[in-house]
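What follows is a short report on a single structure.
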Number of protein chains: 2
Amino acid sequence: MTATISREQQLIEAEAACLRRGAKLTPLRRQVLELILAADSPVGAYALLDRLKADRPGAAPPTVYRALDFLLENGLIHKVERLNAFIGCVETGHGHAHDHPHQFLICRRCGATVEIADSAVADAIAAAAARVGFTAVEATVEIEGVCARCGTA
Amino acid sequence: MTATISREQQLIEAEAACLRRGAKLTPLRRQVLELILAADSPVGAYALLDRLKADRPGAAPPTVYRALDFLLENGLIHKVERLNAFIGCVETGHGHAHDHPHQFLICRRCGATVEIADSAVADAIAAAAARVGFTAVEATVEIEGVCARCGTA
DNA sequence: TGCCGTCACGATATAGTATCACGCGACGCG
DNA sequence: CGCGTCGCGTGATACTATATCGTGACGGCA
Ligand SMILES: [Zn+2]
Ligand SMILES: [Zn+2]
Ligand SMILES: [Zn+2]
Ligand SMILES: [Zn+2]
């Protein structure tokens, strides 16, 4: 399972990024991040809460939402709006910017969700916005369809 | 107020589109659509419910959600995922397709949300998906930033 | 050392969004 | 008339997210 290696690398990257930013990846926050990275699809806040309760019986909604806020602010995870769920950020090149252009591909059959960072899409969006005098700051792009695996099967 | 004229035109278009599709725009559904078109920003389901209750004291969540489902299925409105709110579709050219490529521009200052249909964005998205073997069916594109009015002010 | 501000987090309550399940009456059709 | 479908009323429930208060740990600074 190569995914395990990638997950651990992501955790190491995350700790490094927090160090650079002066942000504290506390045990609780790290544990929530681990839970998100361990899942193979986006995870809802209450699913995280349930899993968290195994270790921390006192965990409540604010516990997980505060951790999620931290992880979002530090660019370690993203929210998938269509699913009300959270997924780890795969971007490691630029040091987990607070916010970077990205898009999601969501498979309708298997639920797999992958993050891509296509600059042509980002450019087209910025251009379309500028054409009507709108200054784009951030864009949610969530593409539903059928992934390669499900398409051939 | 030219918007009023546009709204009435939208309602007429909506009725025509439903006739063509064999769908029934009942008084309740029409009223919900009117409420959505009357608002100058996207409206939440419970805001609609509150306004609906003025006329229909018995209205409950399923009342409005069923109407919203109908309007969504018939392409008369869209959901803005980032806001958990609904907005009228401005597309009248192709007869309110069940589903057409579109993008939203959401102003962070004034909350104004406008729908555009930029084919360059749609093409870039389809191309980016195809590049990784993904067949795009539908895409949510919600662009946050500053609108022309707020940018110059 | 003592004071103080900030921060992470526990704990309780509440707000906001969406769906389920049941039933009934209107309508269209054979 | 018998029957199926559909629109919608009604009550309950599930799911998602935030508000508020308190407390203990830590770090800066006289
Ligand atoms: Zn990312
Ligand atoms: Zn798939
Ligand atoms: Zn539209
Ligand atoms: Zn504005």
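A note on names: the letters A, B, ... follow the listed sequences, proteins ahead of strands, and every chain is numbered from 1.
- Atom CG in B:L49 sits about 14 Å away from atom P in D:dG11, given to the nearest Å.
- A:E81 has its CD atom 12 Å from the P atom of C:dA18, to the nearest Å.
- D:dA17 atom C1' lies 11 Å from atom CG of A:L68, rounded to whole Å.
- A:E115 and A:H78 share a donor-acceptor pair across their side chains, judged by distance under 3.5 Å alone.
- Contact between the side-chain N/O atoms of A:T63 and the OP1/OP2 oxygens of C:dG10 is found at a separation under 4.0 Å.
- In this structure, B:N74 places its CG atom 13 Å from P of D:dC6, rounding to the nearest Å.
- If you measure from atom NZ of B:K24 to atom P of C:dA26, you get 14 Å, rounded to the nearest angstrom.
- Taking NZ of A:K79 as the reference point, atom CD1 of A:I87 lies at 14.0 Å (rounded to 0.5 Å).
- Comparing B:P27 and B:P62, the nucleotide of DNA chain D nearest to each residue sits closer to the 5' end for B:P27.
- Between A:F86 and B:P61, the residue anchored nearer the 5' end of DNA chain D, judged by the nucleotide with its closest heavy atom, is B:P61.
- No aromatic stack links A:Y65 and the base of D:dT18, using centre distance under 5.5 Å and interplanar angle under 30°.
- Within 4.0 Å of A:R29, counting heavy atoms only, lie sugar-phosphate atoms of the nucleic acid but no base atom.
- Between the side chain of B:Y46 and the base of C:dA18, a donor-acceptor pair under 3.5 Å is found.
- In this entry the distance linking CG of A:L28 with C1' of D:dA25 reads 15 Å, nearest Å.
- Ion pairing of B:E138 with A:R108 is present here, as a side-chain N (NZ or NE/NH1/NH2) and a carboxylate O approach within less than 4.0 Å.
- Contact detail for A:Q103 and A:D118: the closest heavy-atom pair is OE1-N, 2.8 Å.
- We find that CZ of A:R30 is positioned 14 Å from P of C:dC9, with the value rounded to whole Å.
- One can place CD of A:Q31 at 10 Å from P of C:dG10, the figure rounded to the nearest angstrom.
- Summary of the strand contacts: B:L83 and A:R56 both lie near DNA chain C, and taking for each the nucleotide with the nearest heavy atom, the more 5' one is attributed to A:R56.
- Residue-environment remark: CZ (A:R56) exceeds the threshold of 12 foreign heavy atoms within 6.0 Å.
- The phosphate of C:dT17 has neither OP1 nor OP2 within less than 4.0 Å of any side-chain N or O from A:N84.
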